[in-house]
Each structure stands twice: as C-alpha cells, then as structure tokens.
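The model shown is predicted, which means the values in this text are computed figures rather than measured ones. What's counted below: heavy atoms across the whole structure, side chains too, no hydrogens, waters or symmetry copies.
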Amino acid sequence: MAIKLSEKYLSEDIKAKKQEIKTEIENAFKITANKEGKGNDFLGWYDLPDRYQTQEFKEIKESAKEIRSMCDVFVVIGIGGSYLGARAAIEFLKGQMFNSFRGDAPEIYFSGNNISSASINDILKVCEGKDVCVNVISKSGKTVEPAISFRIFREFLESKYGKEEAKKRIFVTTDKARGALKTIADKNGYKTFVVPDDIGGRYSVLTPVGLLPIAVAGCDIDAMLLGAKAAKDAFTSLPFEENDCLKYAAYRNILYRNGKKIELYASYNPCFALMNEWLKQLFGESEGKDGKGILPDSVIYSTDLHSLGQIVQQGERNLFETVVDIVNSDSKTAVPFDVEDFDELNYISGRQMHDINRIATKATAIAHTEGGVPNIILELDKADEENFGYMVYFFELACAVSGYTLGVNPFDQPGVEAYKANMLALLGKEGEKYDNIRKELNINL
C-alpha cells in the first residue's frame with residue numbers, strides 16, 4: 001500500500017534542480033503542517049485521518065446500510081467537490097460498469113452537476129417504477145445546479161411516496177448550523193450529515209460529503225481512512241529526500257518554472273477517468289489564481305494515444321505528464337491463441353492484458369520523454385480502498401505544498417464566483433448587487 005514516485009523519465013537537469021527548490025518545499029510543508037499560511041482555516045483535512053472514528057462516521061455506515069436496504073436507485077445531488085470525489089472513488093473501486101454489476105447495492109446516479117434537462121430527465125426515467133433515495137450535498141443549499149435538481153427530486157419523492165415517507169428517503173449533507181438547506185432539512189426532519197467548516201469542497205472526499213455515497217456503493221470506508229492515515233504518517237514525517245509527496249510538489253514547480261504550463265494527468269485504466277476529473281478540480285481551483293497556475297488536463301491511455309497522442313508527441317512543448325501507474329490487478333484476462341493468426345498476435349498469446357498495458361505505459365513514457373514531454377510516474381500498488389485513501393491524501397498534501405510554493409492560497413476559489421454572480425443577475429435575481437451587475441453588463445431584463 002503505497003505510492004512510489006519514479007524519476008526514471010525525468011532529465012538529469014530537472015532532477016538536479018530538486019535540491020535547489022528543497023528549502024522552498026520544506027518551508028511550504030511547515031506552513032501547511034503548522035497551519036500558518038493563507039487559508040489555514042481550511043486545513044481540517046490535514047489531520048482528518050487521525051480523528052475519523054466519530055459518532056457521525058458510525059452513522060454514515062448505518063445510513064448507508066439503511067439506504068442499501070430501502071432503494072433500487074440512489075441519486076447523489078451535488079456539484080464540484082460535492083460529487084467528484086464520491087464518483088471518482090466508486091468508479092475507481094467498482095468500475096465504470098458499476099450500475100450493471102452492483103450486487104446488492106442500489107444503482108447510483110449523479111445529478112445537480114449541470115443544468116441539462118435531458119440529463120435530469122434521463123435519471124428520472126431510470127427511477128420510474130423503482131424505489132429511490134436521494135442524498136443532496138451543498139454547504140448553502142443555494143448553488144443553482146444542485147438546488148434545481150433537489151427541487152425536482154424532492155417533488156418526485158413526495159409525489160411518489162407522500163411527504164412522511166419521502167423524508168425518510170432524503171439524506172442531506174450540509175452546514176452544521178446554518179444555510180437554506182440546513183433550514184429545510186431541520187424543518188422536514190431529514191437525516192443530516194455535516195460539511196465540515198474547515199474542509200473545502202475539493203478536499204472533502206474523506207468526509208461525509210464523499211463517504212456516504214461511497215459506503216452505499218459497498219466500499220470499505222474504514223479501510224479507506226486507514227489508507228489515508230498511513231499516507232499521513234508517512235508523508236508528514238519522512239525527510240524530503242525520502243518523501244515522494246514533497247518531491248512530486250517539487251517537480252511540479254520545477255517544471256512550471258521551466259515553461260511547462262500544462263500538467264496532463266494520465267492513466268492506462270478507464271476506472272481512473274473520474275479520478276482525473278477530481279485531480280483537475282483539486283489542482284485547478286487550488287493553484288489557478290493571481291495570474292499563476294499549471295493548467296490540469298487529463299487522458300486515459302491507450303485510448304487517447306489515438307486522439308491526443310500526436311499533439312502530446314510533437315505539439316508545443318509546454319506540457320508534462322503525471323502518470324498514475326496501477327501496478328497490480330486482480331482482473332485476469334489472457335490473450336488467446338488463434339490458429340490462423342490473422343492479426344499476427346500469436347507472439348503475445350497467453351500473456352495477461354494487464355502486463356501488456358504496463359508495457360504500453362513504459363513504451364509511451366519513453367516516446368513522450370524523447371519527444372520533450374517529461375513524465376512523472378506515480379506507481380500505485382492496486383485499485384482498492386486502502387490505496388484510494390492513501391492516494392487521496394498524497395494528492396491533497398502535495399497540492400497544498402505545491403500551492404504555497406507557487407505563492408498562492410491553495411484553499412480559496414474567488415474566480416468561481418464570477419460566473420455565478422453573472423448568471424444570477426441574468427436570471428433576474430433581485431438585489432443591489434445584481435442590479436449593478438446588470439448595469440455593468442448593459443442588460444435590460
């Protein structure tokens with residue numbers, strides 16, 4: 001159970017600069033550990049693995065068991081960090097075909113992360129004739145996308161079951177004391193879980209925000225938190241030279257200073273696709289401010305080698321790749337022998353697909369590195385709960401340290417509010433703030 005950073009595909013020049021940035025990285029780590037930097041009131045995730053065994057954690061497992069017993073479809077409503085971590089975990093651990101091979105778990109669908117009527121109507125069609133439970137996740141309850149979705153699914157549940165039965169099927173994850181969603185949850189007697197005040201959305205996957213849906217899917221959340229604790233124990237105590245988390249933060253900043261402005265997260269396993277999306281939010285929101293930041297993008301290889309491989313190999317040399325290489329797999333499929341050998345693949349007959357996939361990983365890293373794209377390889381033991389928790393903590397800590405090294409506050413996201421305010425103004429929301437925005441936009445509603 002570990003992540004191992006391989007420097008094999010980094011140039012000697014880049015590796016040499018690791019010592020030059022060492023002091024900056026160590027200072028950024030101290031700022032994080034001592035909670036002294038900007039945004040330090042959002043560092044609750046840092047020691048979360050040491051204190052996860054709470055009454056609420058027990059209630060999450062009890063509610064997950066209850067949900068699994070009472071519904072065929074579980075709808076998770078949220079946007080950004082309110083859904084990405086949970087969906088990433090479920091697909092990473094259970095696969096993209098989870099709803100077809102879910103066992104005794106309900107089908108799980110995610111809503112409230114867009115404003116598409118087609119999308120929400122598709123989920124409503126899935127719910128027809130089935131028992132349904134809903135988990136709405138929002139700190140305030142006023143974010144437009146999940147708020148619209150909750151209105152629709154609340155109406156659906158109350159129409160189907162009546163208000164008394166519907167309230168047993170609505171689970172709310174929100175602020176502990178205030179906000180529109182907390183108010184309506186208390187008024188109607190919905191079961192509630194808390195969005196921690198000291199943990200921002202993109203760092204919240206190991207809180208009730210992510211853990212309830214993950215547990216409903218049948219994942220072992222105890223093992224997940226133990227994995228996160230193992231990562232915390234390792235990466236908050238190891239010296240820089242032995243600390244792959246701090247070295248990853250260092251290499252990201254070295255490459256950025258050397259003109260590599262895009263980080264391409266890559267994996268050779270489709271189950272990692274939503275983890276890529278989680279990583280894009282984690283690093284994009286944390287670092288992209290004050291005119292700075294590495295643009296995170298993602299690919300799933302070898303699929304995307306046949307679409308983006310050309311530009312990665314020979315396009316502008318402004319990117320580097322961070323490859324999560326899942327070393328071991330319990331899924332075994334060998335290439336069969338064919339008498340005719342029409343495709344000339346008998347030379348690999350009998351070999352495991354997972355082994356061939358890892359050879360593709362090495363072959364691509366060599367090609368891309370020779371093409372001027374540095375590769376940071378992060379070897380992850382396997383796709384299970386402990387390794388997921390370990391990986392989440394690795395990236396959260398690396399992101400905080402990397403952000404402080406970059407010179408930004410890794411825990412705010414002021415730019416996200418711009419579109420929200422404009423959208424509310426254009427929708428006609430009342431108030432002086434929105435009147436002024438409409439005037440600035442020269443819109444007459």
Side-chain angles (χ1 to χ4, degrees), residues 2-18 21 92 243-280 283 294-329 331 335 345 347-348 351-383 387 390-391 394-395 398-399 402:
I3 286 179
K4 181 180 179 182
L5 187 151
S6 171
E7 301 173 332
K8 183 176 181 179
Y9 302 102
L10 295 172
S11 69
E12 293 302 319
D13 177 59
I14 293 297
K15 286 189 278 188
K17 290 180 179 179
K18 182 175 60 178
I21 202 174
F92 179 75
N243 194 317
D244 284 348
C245 182
L246 298 188
K247 286 193 286 186
Y248 173 57
Y251 281 130
R252 295 183 76 255
N253 279 274
I254 291 167
L255 290 165
Y256 178 67
R257 295 174 188 182
N258 278 263
K260 303 298 185 181
K261 306 298 185 182
I262 300 170
E263 180 171 19
L264 198 58
Y265 289 104
S267 179
Y268 288 70
N269 292 271
C271 72
F272 206 82
L274 262 293
M275 275 301 300
N276 278 339
E277 296 303 309
W278 178 78
L279 286 167
K280 284 154 69 173
F283 284 93
I294 302 169
L295 175 65
D297 204 347
S298 65
V299 288
I300 293 295
Y301 291 151
S302 62
T303 302
D304 288 329
L305 290 174
H306 297 263
S307 59
L308 296 177
Q310 174 61 41
I311 194 169
V312 174
Q313 187 72 38
Q314 295 183 326
E316 187 174 352
R317 303 297 78 189
N318 60 350
L319 72 156
F320 67 96
E321 290 177 299
T322 294
V323 180
V324 178
D325 177 18
I326 302 174
V327 176
N328 297 300
S329 174
S331 181
V335 178
L345 289 181
Y347 73 99
I348 57 172
R351 300 190 70 168
Q352 291 292 324
M353 287 185 65
H354 180 72
D355 296 334
I356 297 170
N357 202 25
R358 295 204 66 227
I359 289 173
T361 305
K362 295 176 184 177
T364 306
I366 293 168
H368 288 182
T369 301
E370 290 178 348
V373 178
N375 268 231
I376 302 172
I377 307 294
L378 300 175
E379 297 177 346
L380 183 71
D381 181 41
K382 63 187 298 187
N387 279 283
Y390 195 100
M391 175 173 55
F394 173 94
F395 281 118
C399 184
S402 185

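Between Leu295 and Lys261, the closest side-chain pair of non-hydrogen atoms is not below 4.5 Å. The shortest distance between side-chain heavy atoms of Tyr251 and Thr322 does not fall below 4.5 Å. No side-chain heavy atom of Ile326 sits under 4.5 Å from any side-chain heavy atom of Tyr268. Using a 4.5 Å heavy-atom cutoff, the side chains of Leu279 and Phe272 are in contact. At a threshold of 4.5 Å between non-hydrogen side-chain atoms, the residues Leu378 and Phe394 count as touching. With a 4.5 Å cut-off on side-chain heavy atoms, Glu263 and Leu319 do not count as touching. The side-chain heavy atoms of Thr364 and Val312, taken from C-beta on, include no pair separated by under 4.5 Å. Under the 4.5 Å side-chain criterion, counting only non-hydrogen atoms from C-beta, Leu305 is not in contact with Gln313.
The two residues Ala398 and Cys245 have their closest heavy-atom pair at N-SG, 3.5 Å. When all heavy atoms are compared, the tightest approach of Tyr9 to Ile366 is CE2-CG1, 3.7 Å. Heavy atoms only, all atoms of each residue included: Ala2 and Asn387 are closest at N-OD1, 3.5 Å. Nearest heavy atom pair, residue Val335 against residue Ile348, reads CB-O, 3.6 Å. Of all heavy-atom pairs between Phe92 and Met391, the closest is CZ-CE, 3.9 Å. Between Lys260 and Arg317, the shortest heavy-atom contact is NZ-O, 3.1 Å.
The aromatic rings of Phe395 and Trp278 stand perpendicular to each other, their planes meeting at an angle above 60°, with 30° marking the opposite boundary.
Interatomic distance, CG of Leu380 versus CG of Asn328, reported as 9.5 Å (0.5 Å rounding). Going from atom CD of Gln314 over to atom NE2 of His368 covers 10.0 Å, rounded to the nearest 0.5 Å. Interatomic distance, Asp304 CG to Ser267 OG, rounded to the nearest 0.5 Å: 11.0 Å. One distance of note links CG of Asn276 with CG of Leu264; it measures 8.5 Å at 0.5 Å rounding. To the nearest 0.5 angstrom, Thr369 atom OG1 is 8.0 Å from Glu321 atom CD. Distance OG/Ser6 to CD/Glu379: 5.5 Å, rounded to 0.5 Å.
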Candidate pair Lys4 and Val327, rule side chain to side chain contact (heavy atoms under 4.5 Å, CB included), full reasoning: CA-CA 10 Å; Lys4 181 180 179 182; Val327 176; over 6 Å; no

Residues Ile294, Arg252; criterion side chain to side chain contact (heavy atoms under 4.5 Å, CB included); working and verdict: CA-CA 8 Å; Ile294 302 169; Arg252 295 183 76 255; 3.6 Å; yes

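Within 6.0 Å of atom NZ in Lys362, 12 or fewer heavy atoms from other residues, nucleotides or ligands are found, so the atom counts as exposed in its surroundings.
The pair Asp244-Lys247 meets the salt-bridge criterion, with a side-chain N (NZ, NE, NH1 or NH2) lying under 4.0 Å from an Asp/Glu carboxylate O.
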